Number of protein chains: 2
Amino acid sequence: MTMSNTGGRRRPPTIHDVAREAGVSRGTVSRVLNGGHYVSPAAEEAVNAAIRKTGYVVNRHARSLITGRSDSVGFLLTEPQERFFEDPNFNVLLRGCTQALAAHDVPLLLMLAGTKDERRRITRYITAGHVDGVLLVSSHSGDPVAEELRAAGVPLVACGKPIGLGSKVSYVAADDRDGAREMVRHLLSLGRRRVGMVTGPLDTPGGVERLAGYKEELAEAGVAFDERLVVSGDYSRASGEAGAERLLAQAPDVDAVFVASDLMAQGVLATLQRAGRRVPEDVAVGGFDDSPAAVAAGPQLTTIRQPWDRISAEMVRVLLAQIGGEDPAAVILPTELVRRDSA
Amino acid sequence: MTMSNTGGRRRPPTIHDVAREAGVSRGTVSRVLNGGHYVSPAAEEAVNAAIRKTGYVVNRHARSLITGRSDSVGFLLTEPQERFFEDPNFNVLLRGCTQALAAHDVPLLLMLAGTKDERRRITRYITAGHVDGVLLVSSHSGDPVAEELRAAGVPLVACGKPIGLGSKVSYVAADDRDGAREMVRHLLSLGRRRVGMVTGPLDTPGGVERLAGYKEELAEAGVAFDERLVVSGDYSRASGEAGAERLLAQAPDVDAVFVASDLMAQGVLATLQRAGRRVPEDVAVGGFDDSPAAVAAGPQLTTIRQPWDRISAEMVRVLLAQIGGEDPAAVILPTELVRRDSA
DNA sequence: CATGCTTCTGTGAGCGTTCACAGTAGAGAA
DNA sequence: TTCTCTACTGTGAACGCTCACAGAAGCATG
C-alpha cells in the first residue's frame with residue numbers, strides 16, 4: 001500500500017530537542033526514559049521538565065529498530081470469528097486484555113485468521129517479529145498457526161488449555177473441573193439425586209473437564225453414575241434444547257440438570273417448559289459461564305461464573321513475563337457459584 | 001516497561017541479505033518492494049526469487065522511521081465500552097474493519113478510551129504519529145478526544161455522523177432517514193393508520209434522523225402527525241418496554257409501532273404481549289438494525305438492516321484515502337427492509 | 001599522590017530502511 | 001561523432017533512537 005504524509009502535521013520533537021532543552025545529552029534523556037538508573041536527580045528533573053515542555057513522545061519505530069522488539073502484542077483469533085464475536089465472554093476477554101496491556105503502554109493488534117490466506121499472512125507478520133508475543137484465542141482442534149508460532153519461539157499465551165500444543169505453551173483457564181463440582185455439589189445440596197448433565201463438546205478440554213467434575217462430585221457424594229443422565233451438546237442453544245429432550249426421554253425422573261453452558265441452559269429451560277416441568281421445583285437447572293444469556297429470559301439462571309476479567313489480566317501478565325524471558329506457565333483460576341432462581 | 005529478547009528467535013534476513021542473494025543493490029530491492037518502477041524484469045525476478053528464498057519480510061520499524069508513517073491505524077472507542085462490546089453491530093463493525101484493513105496489509109490497533117487517563121494517553125499516542133489514522137466509534141456528545149485529533153490533523157473517520165465536530169470530519173453512516181421512511185411506508189402499506197414510534201435518543205443524529213424519516217413518510221402519505229403516538233427511548237430493551245407502556249396509555253388505538261432499535265423492539269413486544277395485544281394482528285411492529293435480537297424471541301422482527309459490512313469497508317476505504325491525502329468525505333449507505341413476522 | 005571505586009555524563013556507531021542523487025549503458029537524433 | 005534522452009542501478013545520507021564505551025568527577029582507601 002502507499003500512504004503519503006498528510007499536510008497538517010508538523011515534525012514532532014525528538015530526543016535531541018529534549019536534550020538541548022534540558023541542557024544534557026541524548027544519552028541522559030534516554031536513560032531517564034528507560035529506567036533512570038545512573039542519572040542525577042538534577043538531570044532527571046531537567047529532562048522531565050523538558051519532556052513536558054516540548055511534549056515529547058518517544059518514537060517507537062526508532063526504538064524498535066534498535067532494540068529489536070516492537071513493544072506491542074497481537075490478539076489472535078484463529079477460529080471462525082462469528083462464534084467468538086457473538087460470545088459476550090469473548091468481548092470481556094478482548095476488552096480486559098486491551099486494558100491490561102494499556103496499563104503497560106503496550107498496544108494490542110487485533111488479528112483475525114479466518115481464511116487460509118489470512119493465516120499465512122498473519123503467521124509471517126508475527127514470526128517476522130512485528131509483535132513481541134501473542135494472546136491466542138483458539139479452541140478445539142490443534143491449531144496450525146499456533147503450532148507454527150510455538151515452533152518459531154514466539155511467546156504465546158492461550159486462553160483455555162490448548163490441545164496438542166505440547167506442554168510448552170502458556171495458558172490461562174478457569175478451573176472447569178472445580179466449577180463443575182461446585183455446581184453439582186450445590187444441586188446435590190438441594191436434595192436432588194437424579195442429577196443429569198448436558199456436556200459441552202468432548203473434544204475440548206473445557207468440555208472434558210466439566211464432565212469430569214460432574215462425575216467426581218457424584219462419586220464423592222456417593223451418588224451412582226448413570227450414563228442415561230448424560231447427554232452431549234456443543235454449547236449452542238439448539239443443542240441444549242435437543243439435549244434436554246433426549247434427557248427427558250432417557251431419564252424421565254431427572255430432578256436436576258447441570259448444563260455446561262448458559263446458552264445451552266437456555267435451550268434446556270425452553271424444553272423443560274414445553275414438557276411441563278417447572279424450574280426449579282421439578283427440575284433444578286445449573287448453567288456455566290454467567291453470560292448475559294443467564295439472565296436473558298425465563299427463571300434467572302444459577303450458574304458458574306468464569307472470572308474473565310482475571311483471565312484476561314493473567315494472560316497479559318503471563319505473556320509479558322514470558323516476553324521478558326520467563327518460562328511458560330499455566331494458570332488455573334477459581335470459579336464462583338452464582339445463585340439465582342433456577343436452582 | 002522492559003522487554004528483553006527471548007532466546008529462541010534468530011536474526012531475520014534484511015534487505016541487504018536479499019540484495020546480496022539477488023546480486024543487486026539495496027536500492028533495487030527497495031524499488032521492487034515499493035511499486036517496482038524503473039527496475040528491469042530480470043532484476044525484479046531475481047529479487048523476488050531472493051525474497052522467497054530468504055523468507056524476507058520488510059522491517060516495518062525501519063521503514064516507518066524514515067517514511068514517517070506507521071502503516072497502521074487505530075480503532076478508537078471513546079464511549080463506555082460495555083455498551084458497545086455487547087452490541088452485535090459493533091462486533092460486526094470491528095471485525096469488518098479489521099478484515100478490510102488486513103486486505104491492505106495494515107494492522108489495526110484497538111484503543112479503548114474509557115477513563116480520563118486512558119483518553120490522555122491515547123491522544124498522545126495518536127498525535128505522536130504512532131498510527132496514521134483513526135477509525136472512530138464515538139456517539140452522542142461532542143467528543144473531546146475526537147476534537148483534539150481533528151485539530152491535530154489526524155485522519156479520522158467516524159462511524160455515524162458525529163456531533164459538533166464541524167464538517168471536516170469524514171464519516172460513514174447508514175441512511176437512517178430513508179430507512180425509517182421505508183419502514184413507515186411498509187407499515188402504512190399494511191393498511192395501518194395509527195402508526196406510533198419509539199424513538200432513539202434525540203441527542204444523536206441517528207435518533208433524530210429516524211424520527212425525521214417517520215414524520216416525512218407520514219406527511220407524504222397524508223397521515224396526520226399525532227404527537228401522542230411518539231415516545232422516546234434510549235435504544236435499550238427496558239426503554240422499549242417503558243415506551244410501549246406510555247404509548248398504549250397515550251394512544252390505545254395504536255395499530256403499528258416503528259421502534260428505532262431491535263433491542264427496544266424486544267421490549268415493545270414484551271409489553272404488547274403483557275397488554276394482550278397480538279403481534280402483528282393487533283399491532284404491527286417494525287424494528288431497526290437487524291441485530292440478533294431481531295430473531296431472538298417472540299415473533300421474528302421485521303426490521304431495517306444497516307449494512308454494517310459495507311459501513312466498515314467504506315470506513316476503511318475513506319480513511320486510507322484520507323491518509324493518502326484526499327479530502328474528508330461523508331458516505332451515506334442505503335438500508336434494507338427485512339420482512340419477517342412482526343409486520 | 002596514586003589508585004580504585006562509584007556515580008554520572010557524553011559520544012560514536014549502528015539498527016534496516018527509503019530517498020535523493022549521481023552515474024552508466026544503450027538507443028536514437030542531430 | 002556527439003549529444004540527448006530514457007531506462008535502469010548503486011551509493012551515501014538520514015530517520016530517531018539505544019547501546020557500549022570512554023571518560024569525568026567525587027570520594028574513600030592504599
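Quick caveat, the model's predicted, so the values are computed rather than measured. Here is how names work: the chains are called A, B, and so on, in the same order as the sequence lines, proteins then strands, and each is numbered from 1.
- The closest side-chain heavy-atom distance from Tyr125(A) to Met111(A) is below 4.5 Å.
- When the nucleotides dC19(C), dC8(C), dG16(C) are ranked by their closest atom to the side chain of Thr14(B), dG16(C) comes out on top.
- In this entry the distance linking OH of Tyr38(A) with C1' of dT6(C) reads 7 Å, nearest Å.
- With no hydrogens or angles considered, a side-chain donor-acceptor pair links Ser170(B) and Gln322(B) at under 3.5 Å.
- Applying the side chain to side chain contact (heavy atoms under 4.5 Å, CB included) criterion to Ala174(A), with sequence neighbours excluded, gives Gln306(A), Pro307(A), Ile311(A), Thr335(A).
- For the pair Ile15(A) CD1 and dG10(C) C1', the interatomic distance rounds to 13 Å; values are reported in whole Å.
- For the helix from dC1(C)-dG30(D) to dA30(C)-dT1(D), the terminal axes (five pairs an end, C1' atoms, rotation from four pairs onto the next four) enclose an angle of 70°, given to 10 degrees.
- Between His61(B) and Arg31(A), the residue anchored closer to the 5' end of DNA chain C is Arg31(A), taking for each the nucleotide with the nearest heavy atom.
- Leu33(B) pairs in a side chain to side chain contact (heavy atoms under 4.5 Å, CB included) with only one of the listed residues (Asn48(B), Thr28(B), Ile51(B)), which is Ile51(B).
- Across residues 43-60 of chain B, Ala43(B) each have a non-hydrogen atom less than 4.0 Å from an atom of DNA chain D (numbered order).
- Listed by residue number, Val24(A), Ser25(A), Arg26(A), Gly27(A), Thr28(A) are the residues of residues 16-29 of chain A with a heavy-atom contact under 4.0 Å to DNA chain C.
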Can you check salt bridge (Lys or Arg N to Asp or Glu O under 4.0 Å) on Glu118(A) and Arg121(A), steps first, answer last? CA-CA 5 Å; Glu118(A) 286 173 348; Arg121(A) 211 175 32 72; 5.4 Å; no

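- Side chain of Asp17(A) to main chain of Thr14(A): a donor-acceptor pair is present (N/O by atom type, distance under 3.5 Å, no hydrogens or angles).
- Side-chain N or O atoms of Asp132(A) include none that pairs as donor or acceptor with a backbone N or O of Val73(A) at under 3.5 Å.
- With sequence neighbours left out, Asp309(B) forms a salt bridge (Lys or Arg N to Asp or Glu O under 4.0 Å) with no residue at all.
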Between Asn34(B) and Arg63(B), does the side-chain contact (heavy atoms from CB on, under 4.5 Å) criterion hold? Intermediate values first, please. CA-CA 11 Å; Asn34(B) 316 309; Arg63(B) 171 184 284 172; 3.2 Å; yes

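- Using a distance-only test at 3.5 Å, with no hydrogens or angles considered, no donor-acceptor pair links the side chain of Thr78(B) to the main chain of Ala113(B).
- Between the Ser70(A) side chain and the His130(A) main chain, a donor and an acceptor come within less than 3.5 Å of each other.
- Once you apply a 4.0 Å limit to the heavy atoms of chain B, the touched nucleotides of DNA chain D run 5' to 3' over dA7(D) to dG16(D).
- The distance from atom CD1 of Ile66(A) to atom P of dG16(C) is 10 Å, rounded to the nearest whole Å.
- Remark: side-chain polar atoms of Ser30(A) are not paired, donor with acceptor, to backbone N or O of Arg26(A) under 3.5 angstrom.
- Using a distance-only test at 3.5 Å, with no hydrogens or angles considered, no donor-acceptor pair links the side chain of Arg69(B) to the main chain of Ser64(B).
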